[in-house]
Structure formats: structure tokens, C-alpha cells
Amino acid sequence: MIGDIELPESCYAEQLSRDDIPLVTKLLGTWYPDIRVGTESRHLEPSFYDKDVYLRGESPDRPVYAMLGRDRATRDIIGLLTLERNVRGLQVSATMGVLEPSQRGLGLGQVGLTVLEQVGRSIGAEVILYYSTLKLARVQRNAEHRGFKLVGLVPAFDVDAIAPNTVKRVYEAIYAKVLVGPEQIHLPDWNALTPTTRALYTHLFGQHPSAVVAEGSTPAFSVPASAQRATSAAEVRHG
């Protein structure tokens, strides 16, 4: 799934194995102290890997896929990316991506969304969801530059350490990228939307066809701009 993705020459990627778990959980706490609170803290718990993570050579039925980044010369672990699939909803999302501090700013972090989309297309996902911190503008720009559509800001979405000894609930942005064509998307009934929902829909996606007919104008577009025609159903499988 990720064989064609270009990585910096100094590193390579591989699936997480059971033997790597003790070191990975130790490194995460060092690289990313804020991980100790909130949803991402599950990555520090061995039980999470036992129950939910598809480890190298083990059950592929678990929902989370974990990929390590390693230094090519030393084989040291320099990063971890986890993705989660929703088989029934044909969705895939990124649950966490983190790098060893000295590796940040070198372009590795930008590979995560490429991997997310490549994996999504390979397993037959029809929509990709990506939650972004609002701590760093570059994380948001990375999603926008790769064709992900900002579809909302979720207040009090998660718990985060905002300062030493200070933990609060925080906002996060939610981005989406649709991997199916517009003919597979059902638009909401305009008459079932409240004025507030209509205003948000129009702001995000342009005029709804029903609103256009009522106003006698031409629609800008009527489905999410991120909607793209995916590979045919015969060529993909949501594993």
C-alpha cells in the first residue's frame, strides 16, 4: 500500500511489530509529553496494541494500523503513525502521528497525509477524515495543500495540556476528503435544514440545488469540493 510513497533517503517505514511496543511506548512519552492526557494517551498502554492494533504478522482484523519510521543508518525508531479504519462506514482516519524532535521540520511530517490517502484508496475507503490540532498552523496548511476540505471546528473535542500543569478541553479542526464521485453522494433535503444549517452548508459547499431553483440562479457546486472519482469498486477492497 505504501511502496510507491517517496520518503527521505535517510529513513524507511515498516509495520509495527510486537517486539517494538515497549520501546515505542517509552519513546512516545519522551518525544511528546502532552500525550499523557486525552485520546492519544491510549498509545502509551500495551493493552491498546493487544486489542486494537494490527501488528506485523498478527491479525489483520484489528482496526488500527501502526507504521514506524526508522533511521536507515542506525535503524533507530524516529516516528510513529497510526491510522484507523471504520469498515462499516468505509472510512479511514489518522489517529496519531509523532516524530522524534530532531526529525521535525525536515518534511517527514508531511508524508503522513500522503500515507493516509494512499492506504484509504488501497483498502476501498470512500471518505478520509482528518482531525487537526489548532496549536500549529502548519498542520492545518498541510491538510489544505493536499486537497482536504475543512468541514468544521469541534469545540471541546479532546483534552490537552495547554501549559505546564494546566489541562483543558480544546478545539480541533476536522478535515475530509471524499474518494467517490458525486453520483454516489446523496445531498441533504434542503427543506429539512434549519436556517443555521443552511448557512453553514452554503458556506462550506456552495449553493444547494434546491436553493438555486428557488432563487433562479446557477449553482456554484453542489457536492463537497473534495469529492473525487475513485478507482472502480472492482479494483478496491475495504479490508
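Side-chain N or O atoms of T202 include none that pairs as donor or acceptor with a backbone N or O of A199 at under 3.5 Å.
Within the hydrophobic cluster formed by Ile, Leu, Val, Met, Phe, Trp and Tyr side chains joined at under 4.5 Å, directly or through other members, I21 is accompanied by L16, L23, V24, L27, L28, W31, Y32, I35, L44, F48, Y49, V53, L55, V64, L68, I77, L80, M96, V98.
Every pair passing ring-ring contact (aromatic ring centres under 6.0 Å, His included) that includes a residue from residues 109-131 is listed here, sequence neighbours excluded: Y131-F157.
With hydrophobic clusters built from ILVMFWY side chains whose heavy atoms lie under 4.5 angstrom apart, V154 shares a cluster with Y201. Residue F205 is grouped with residue L200 when hydrophobic side chains (ILVMFWY) are merged at heavy-atom distances under 4.5 angstrom, including chains of intermediate members.
A salt bridge links K177 with E117; the closest basic N to acidic carboxylate O contact falls under 4.0 Å. Classification of E14 and R70 as a salt-bridged pair holds, one side-chain N sitting under 4.0 Å from a carboxylate O. Under a 4.0 Å N-O distance rule, the pair R56/D19 does not qualify as a salt bridge. Salt bridge annotation for E84-R42: present, with a cationic side-chain nitrogen under 4.0 angstrom from a carboxylate oxygen. Salt bridge status for R18 with D50: present, with a side-chain N to carboxylate O gap under 4.0 Å.
When the side chain to side chain donor-acceptor pair (under 3.5 Å) test is applied to R75, the partners found at least two apart in sequence or on another chain are Y12. In this view, I162 and T166, K168, V170 satisfy the side-chain contact (heavy atoms from CB on, under 4.5 Å) rule, not counting sequence neighbours. Judged as a salt bridge (charged side-chain N to carboxylate O under 4.0 Å, His left out), and not counting sequence neighbours, D71 has no contacts. Legend: residues meeting side-chain contact (heavy atoms from CB on, under 4.5 Å) with T39, ordered by chain and number and at least two apart, are D158.
A donor and an acceptor atom, one from each side chain of E144 and Y175, are located under 3.5 Å apart. Side chains of R138 and N142: a donor-acceptor N/O pair is absent below 3.5 angstrom, by distance only.
For the atom pair D189 CG and S210 OG, the distance stands at 6.5 Å (nearest 0.5 Å). Annotation: the span from S17 atom OG to E58 atom CD amounts to 9.0 Å, rounded to 0.5 Å. L150 CG to I174 CD1: the interatomic distance, rounded to the nearest 0.5 Å, is 9.5 Å.
When side chains are defined from C-beta on, Y65 does not count as touching V119, because their heavy atoms never get closer than 4.5 Å.
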Quick one, T82 with H43, criterion side chain to side chain donor-acceptor pair (under 3.5 Å). Give me CA distance, side-chain angles, the key distance, then yes/no. CA-CA 9 Å; T82 57; H43 290 80; 2.9 Å; yes
